[in-house]
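FYI, side chains are in, hydrogens and waters are out, and symmetry mates aren't considered; it's all heavy atoms of this structure. For reference, positions follow the sequence shown, starting with 1. Start at 1 and go down the list; that is how both ligands and their atoms are numbered.
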Amino acid sequence: MDYKNYIRVIPDFPQPGISFKDITTLLNDGAKYQQAINDLKELVAGLKIDLIAGPEARGFVVGAPLAYALGVGFVPIRKSGKLPYKTIEVEYDLEYGKDRLAMHSDAVKPGQNVLIADDLLATGGTISTSVNLVRELGGNVIGTAFLIELSELNGRAKLPGIEVFSLVTY
Ligand SMILES: O=P(O)(O)OC[C@H]1O[C@H](OP(=O)(O)OP(=O)(O)O)[C@H](O)[C@@H]1O
Ligand SMILES: Nc1ncnc2[nH]cnc12
């Protein structure tokens, strides 16, 4: 499927110079959304995955259905202050701004194989921070999966030695 037909591109959002890739138009189409998750499932079929972790908020709409489709657990990685139990936290830079990500300290057991999923790889700040959180708990990051990769921002450079799977590249 040509995913670009279903992703809306909004210039200068949320600030001048950013070409925003809006996946709500893909999510709005049930058959295409389902196909996207199934296509990601095919891409990661060779991996032995114990858990999928996904960063708030758009990582949830990719990571949770992928976990459900694979029959594995899902770990939410959230912005600071949202998780109720003990957390580990890391600050990071975004394409537009700064934030802090957190994960429950018992969410990943040492040695578990974790795939990290999100809607989009831009600078790689969000995903490399997610990788650091999973590794801090002793998890083994076996890959990362995205609907969209923005190749010019070279997020892959922040993921040395980690496999990157994506459905569409801009
Ligand atoms: O590779 P990066 O430069 O880190 O950018 C990619 C991240 O930015 C967006 O999330 P955002 O922080 O805007 O939050 P949201 O999912 O809550 O909209 C997107 O969903 C990715 O998580
Ligand atoms: N260009 C972009 N479009 C959509 N989400 C993003 N997150 C970071 N950069 C983005």
Side-chain angles (χ1 to χ4, degrees), residues 1-29 32-33 36-37 39-40 43-44 51-68 74-84 87-104 107-108 114-136 139 141-170:
M1 149 159 101
D2 188 353
Y3 286 100
K4 289 186 181 176
N5 291 336
Y6 299 92
I7 295 164
R8 178 163 56 190
V9 178
I10 311 282
D12 300 318
F13 182 89
Q15 60 190 45
I18 303 290
S19 167
F20 194 90
K21 308 303 183 285
D22 175 19
I23 61 162
T24 64
T25 39
L26 172 68
L27 303 178
N28 203 257
D29 184 324
K32 301 302 172 195
Y33 184 18
I37 297 302
D39 286 352
L40 277 181
L43 281 180
V44 302
L51 282 175
I52 292 182
E56 179 180 351
R58 285 175 267 154
F60 294 0
V61 298
V62 176
L66 185 57
Y68 181 85
F74 178 74
V75 176
I77 295 175
R78 299 216 57 182
K79 309 261 161 98
S80 184
K82 296 285 186 184
L83 289 169
T87 58
I88 56 169
E89 305 206 357
V90 179
E91 191 173 87
Y92 68 110
D93 293 317
L94 277 173
E95 190 185 2
Y96 39 81
K98 254 187 190 313
D99 227 319
R100 212 176 153 79
L101 287 180
M103 197 165 78
H104 273 150
V108 175
V114 182
L115 177 79
I116 303 178
D118 202 352
D119 69 323
L120 178 144
L121 177 65
T123 65
T126 304
I127 285 300
S128 59
T129 304
S130 303
V131 167
N132 291 340
L133 286 167
V134 169
R135 285 181 173 163
E136 195 173 324
V141 177
I142 52 164
T144 55
F146 306 90
L147 299 179
I148 303 166
E149 180 175 353
L150 305 184
S151 56
E152 269 187 7
L153 295 169
N154 200 21
R156 283 178 184 248
K158 289 214 180 75
L159 301 168
I162 298 176
E163 274 202 275
V164 176
F165 301 93
S166 60
L167 294 183
V168 62
T169 301
Y170 286 85

Is Asp119 touching ligand 2 with its side chain, its backbone, both, or neither, if touching means heavy atoms under 4.0 Å apart? neither

Hey, what do you get for [atom1] ([X]) to [atom2] ([Y]), rounding to the nearest 0.5 Å?
| X | Y | atom1 | atom2 | result |
| --- | --- | --- | --- | --- |
| Leu121 | Ile116 | CG | CD1 | 11.5 Å |
| Ile88 | Met103 | CD1 | CE | 4.5 Å |
| His104 | Leu83 | NE2 | CG | 4.5 Å |
| Ser130 | Tyr92 | OG | OH | 7.5 Å |

Has ligand 1 got any nitrogen or oxygen that is less than 3.5 angstrom from a nitrogen or oxygen of [X]?
| X | result |
| --- | --- |
| Leu121 | no |
| Gly124 | yes |
| Asp119 | yes |
| Tyr92 | no |
| Ala122 | yes |

Working for side chain to side chain donor-acceptor pair (under 3.5 Å), residues Asp39 and Tyr3: CA-CA 11 Å; Asp39 286 352; Tyr3 286 100; 2.4 Å; yes

Would you mind telling me if ligand 1 is within reach of the side chain of [X], the backbone, both or neither, using heavy atoms under 4.0 Å?
| X | value |
| --- | --- |
| Glu56 | backbone |
| Thr126 | both |
| Thr123 | both |

Would you mind running through ligand 1 and noting each atom that sits below 4.0 Å from a heavy atom of [X]?
| X | value |
| --- | --- |
| Leu120 | 6 (C), 21 (C) |
| Ala57 | 15 (P), 16 (O), 17 (O) |
| Gly125 | 1 (O), 2 (P), 4 (O) |

Using a strict 4.0 Å cut-off to heavy atoms of [X], name the atoms of ligand 2 that fall inside it.
| X | answer |
| --- | --- |
| Ser19 | 1 (N), 2 (C), 3 (N) |
| Leu120 | 3 (N), 4 (C), 5 (N), 6 (C), 7 (N), 8 (C), 9 (N), 10 (C) |
| Ala122 | 8 (C), 9 (N) |

For Glu89, is there an ion pair with Arg100 - N to carboxylate O distance below 4.0 angstrom?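 Salt bridge: yes.
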
Ring centres under 6.0 angstrom apart (Tyr33, Tyr6):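 Centroid separation for Tyr33 and Tyr6: 6.0 Å or greater.
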
Above 12 or not: heavy atoms from other molecules or residues under 6.0 Å from CD of Glu91?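 Buried by this count: over 12 neighbours within 6.0 Å.
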
Determine whether Thr144 and Glu163 satisfy the following criterion, side chain to side chain contact (heavy atoms under 4.5 Å, CB included), listing intermediate values before the conclusion. CA-CA 6 Å; Thr144 55; Glu163 274 202 275; over 6 Å; no

Going by the closest heavy atom to atom 18 (O) of ligand 1, which one wins out of Glu149, Arg58, Arg78? Arg58

When the side chains of residues 155-162 are checked against the rest of the protein, which donor-acceptor pairs come out under 3.5 Å, sequence neighbours left out?
| residue | atom | partner | partner atom | Å |
| --- | --- | --- | --- | --- |
| Arg156 | NE | Glu149 | OE2 | 2.6 |
| Arg156 | NH2 | Glu149 | OE1 | 3.1 |
| Lys158 | NZ | Thr123 | O | 2.9 |

Short N/O distance, under 3.5 Å, between Arg58 and ligand 2? yes

Given Arg58, which of Asp119, Asp22, Asp118 fulfils the salt bridge (Lys or Arg N to Asp or Glu O under 4.0 Å) condition? Asp119

